[in-house]
Amino acid sequence: MQRVTVIERFSKTFRENPSFSKLLIVFTVSGGGLVAYSEAGKSNDNSNAGELVEANNRKKKVVVLGTGWAGTSFLKNLKDPSYDVQVISPRNYFAFTPLLPSVTCGTVESRSVVEPIRNIIRKRYAEAYYWEAECIKIDPENKKVYCRSNLSTNGNGKEEFAVDYDYLVIATGARVNTFNIPGVEENTFFLKEVEDAQKIRRTVIDCFEKASLPTLSDEERKRLLHFVIVGGGPTGVEFAAQLHDFVNEDIVRLYPKVKDLVKITLLEATDHILNMFDKRITAFAEEKFHRDGIDVKTGSMVVKVGEKEISTKDVKRGEITSMPYGMAVWSTGIGTRPVIMEFMKHIGQGNRRVLATDEWLRVEGQENVYALGDCATINQRKVMEDIAAIFQKADKDNSGTLTVKEFQEVLNDICERYPQVELYLKNKKMSNLVDLLKESKGNGVKESIEVDIEEFKSALSQVDTDMKNLPATAQVASQQGVYLAKCFNRMEECEKNPEGPLRFRGEGRHRFHPFRYRHLGQFAPLGGEQTAAQLPGDWVSIGHSSQWLWYSVYASKQVSWRTRALVVSDWIRRFIFGRDSSQI
């Protein structure tokens, strides 16, 4: 009895104090080892909030829509106790979506990649509450969001309610884009949610079980065991690789009679798979898939998906062909959710594909509404739109001309406010904007030489050509959530002492520094314990060493020590016992 009590106390201590459960994850490979360590966020006593804020002060209400990468990163980093945070999402957990392809084949269990959102928000310094519901309407004039609960409480249908807000953070993510192609919605599987991965896993096993029945013809068996993946991006490529490994490492032992009938086809509408990666990675991936027997069909655009056949059009020749299939996975493109589309029409953005924000993630035209992640894009302001204002702000003596010295005084503010300037200079191999002025005037420019407005326009006329939208990735959404939380943490301080760049079209400075995305690299697992990695500085690594780096990074990026331990234990289990192929 005493022993049980000790164990219970030990367990309770770790549950209530997550900081005690910090781990050191060591991956050891032949000839060396790799260590990954990630600092868990320290839990804070919620009682501190009451000490810092008087009870009679009304807290600013922050409503967060969504529990994906953007919303969860915002919640994990919001520490100011002066906010009353209310989270609304039909999904009561955060899912580590980069591991969904691993879930489809049993490499990682679905429970290992999810963390209950209540576990996350209860550890935060700010008070936060969660409601399992879906936002169906946003009313910015009255500062309300209307929601519908997924749960029926009175037997008369789903409950609807309204929530007031002072600040609204929209992080609803995006839905799968079917491009209105007939049959996609009804006959293909998506790979965007945990439920999608679970359905795919069950269907893969179903296909093998059906193909093993003695009453089927060989033609029907071939159809059932033909797996088609549409989309040659990172998700589609990783799923194809995972499925190939599952078949060749585990399925062949369990279904020996049908192993030779399995076929995996990857369809991509463009000329190559993994277009967003370095060409060396693209070439290696296509070559490896060819060696593995994965049929990669580039330049093939899907035009129709039937119940048993999928039709494709050759982009170059225009020929339409059909092929039988047993299971098709759709992994290409994202679209805007209906509630966001209605909101965009309401605020005058109905002609856009996604919600537009400024460089501070604030929805254009809305004072206290922010949007981040896949549901929004930053509408970066062009330099040429503000060229006259920039010139006037730099021309402090109002002489109508600008010296190099005057220009240098606002140089940092220009580069911070308009990031395309820095990108343009990098591509032109120039150290700063002064070099650009020198190029436009000739190499003899000195501080005493002046440029007028027309020469200034001429020097910067091509800067906006290098503007690029950020990719819709978990990495971007996570960084945006962290950035916005830091802005909220310092809201009051920065109201008094703005820290951002100069307001070229106004007076003073912006409250905050604008959001800047920092690319940390990207991975493309290719199966056979090989991964392609493209890291900052155009550093490319392909092979087994990159696979261990992938293990290390993905383990360290888990949102809790619980999921980190579960994922690592799943990998170890797979190495020892193989993948689980039971149908549950």
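Quick note: numbers below take in every heavy atom, side chains included, and nothing from hydrogens, waters or symmetry partners. All figures in this text were calculated on a predicted structure; none of them were measured in a lab.
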query = After noting the C-alpha distance and the side-chain angles of Asp386 and Tyr418, does the key distance pass the side chain to side chain contact (heavy atoms under 4.5 Å, CB included) rule?
reply = CA-CA 10 Å; Asp386 298 337; Tyr418 308 96; 2.7 Å; yes
Gap between atom [atom2] of [Y] and atom [atom1] of [X] - 0.5 Å precision:
| X | Y | atom1 | atom2 | value |
| --- | --- | --- | --- | --- |
| Leu99 | Ser110 | CG | OG | 12.0 Å |
| Trp550 | Phe523 | CH2 | CZ | 9.5 Å |
| Lys76 | Ser560 | NZ | OG | 7.5 Å |
| Tyr130 | Ile88 | OH | CD1 | 9.5 Å |
| Arg417 | Leu502 | CZ | CG | 11.0 Å |
| Ile378 | Asn469 | CD1 | CG | 9.0 Å |

query = Is it true that Lys199 and Glu193 have a side-chain N and a carboxylate O under 4.0 angstrom from each other?
reply = no
task = Would you check, one step at a time, whether the test side chain to side chain contact (heavy atoms under 4.5 Å, CB included) holds for Asp80 with Met491?
result = CA-CA 9 Å; Asp80 191 333; Met491 187 84 73; 5.9 Å; no
inquiry  = Determine whether Lys61 and Asp164 satisfy the following criterion, salt bridge (charged side-chain N to carboxylate O under 4.0 Å, His left out), listing intermediate values before the conclusion.
reply    = CA-CA 8 Å; Lys61 186 181 292 186; Asp164 298 321; 5.0 Å; no
Counting N and O atoms only, with roles assigned by atom type, does the side chain of [X] sit under 3.5 Å from a partner on the main chain of [Y], one being a donor and the other an acceptor?
| X | Y | result |
| --- | --- | --- |
| Asn275 | His272 | yes |
| Trp360 | Phe512 | yes |
| Thr336 | Arg353 | yes |
| Tyr325 | Gly306 | yes |
| Thr104 | Pro101 | yes |
| Asp464 | Val383 | yes |

Can you tell me if [atom1] on [X] sees more than 12 non-hydrogen neighbours from other groups inside 6.0 Å?
| X | atom1 | value |
| --- | --- | --- |
| Glu385 | CD | yes |
| Glu495 | CD | yes |
| Gln392 | CD | no |
| Asn180 | CG | no |
| Gln420 | CD | yes |
| Lys313 | NZ | no |
| Arg352 | CZ | yes |

message = Assess the residue pair Lys144 and Lys137 against the criterion (side chain to side chain contact (heavy atoms under 4.5 Å, CB included)); give the C-alpha distance rounded to whole Å, side-chain angles, the decisive distance to 0.1 Å, and a yes or no.
response = CA-CA 9 Å; Lys144 290 179 182 289; Lys137 182 182 177 182; over 6 Å; no
pair [X]-[Y]: side-chain heavy atoms closer than 4.5 Å:
| X | Y | answer |
| --- | --- | --- |
| Phe343 | Gln349 | no |
| Pro419 | Tyr517 | no |
| Asn368 | Asp166 | no |
| Val63 | Leu65 | yes |
| Met323 | Ile310 | yes |
| Asn489 | Leu78 | yes |
| Phe179 | Val302 | no |
| Pro140 | His346 | yes |

ask   = Run the salt bridge (charged side-chain N to carboxylate O under 4.0 Å, His left out) check on Arg148 and Glu134 step by step: do they pass?
value = CA-CA 5 Å; Arg148 180 185 297 125; Glu134 181 181 9; 5.3 Å; no
query = So, is the end of the Lys393 side chain (NZ or CZ) under 6.0 Å from the ring centre of Phe504 and within 45° of the ring's axis?
reply = no
Between [X] and [Y], is the ring centre distance below 6.0 Å?
| X | Y | value |
| --- | --- | --- |
| Phe488 | Tyr167 | yes |
| Phe94 | Trp69 | yes |
| Phe189 | Phe239 | no |

Does a donor on one side chain and an acceptor on the other come within less than 3.5 Å for [X] and [Y]?
| X | Y | answer |
| --- | --- | --- |
| Gln242 | Ser102 | yes |
| Thr563 | Glu115 | no |
| Thr72 | Thr67 | no |

task = Test Asp358 against Arg362 for salt bridge (charged side-chain N to carboxylate O under 4.0 Å, His left out), laying out the working first.
result = CA-CA 6 Å; Asp358 61 17; Arg362 187 173 50 226; 3.0 Å; yes
ask   = How would you list, by chain and number, every residue that makes a side-chain hydrogen bond (donor to acceptor under 3.5 Å, both in side chains) with Asn187, sequence neighbours excluded?
value = none
ask   = For the side-chain hydrogen bond (donor to acceptor under 3.5 Å, both in side chains) test, which of Arg509, Arg490, His510 pairs with Glu499?
value = Arg490
request  = Could you walk me through whether Glu186 and Glu307 pass side chain to side chain contact (heavy atoms under 4.5 Å, CB included), step by step?
outcome  = CA-CA 8 Å; Glu186 299 84 2; Glu307 189 176 347; over 6 Å; no
task = Report the relative orientation of the aromatic rings in Tyr483 and Phe515; use parallel for angles under 30°, tilted for 30 to 60°, perpendicular for over 60°.
result = perpendicular
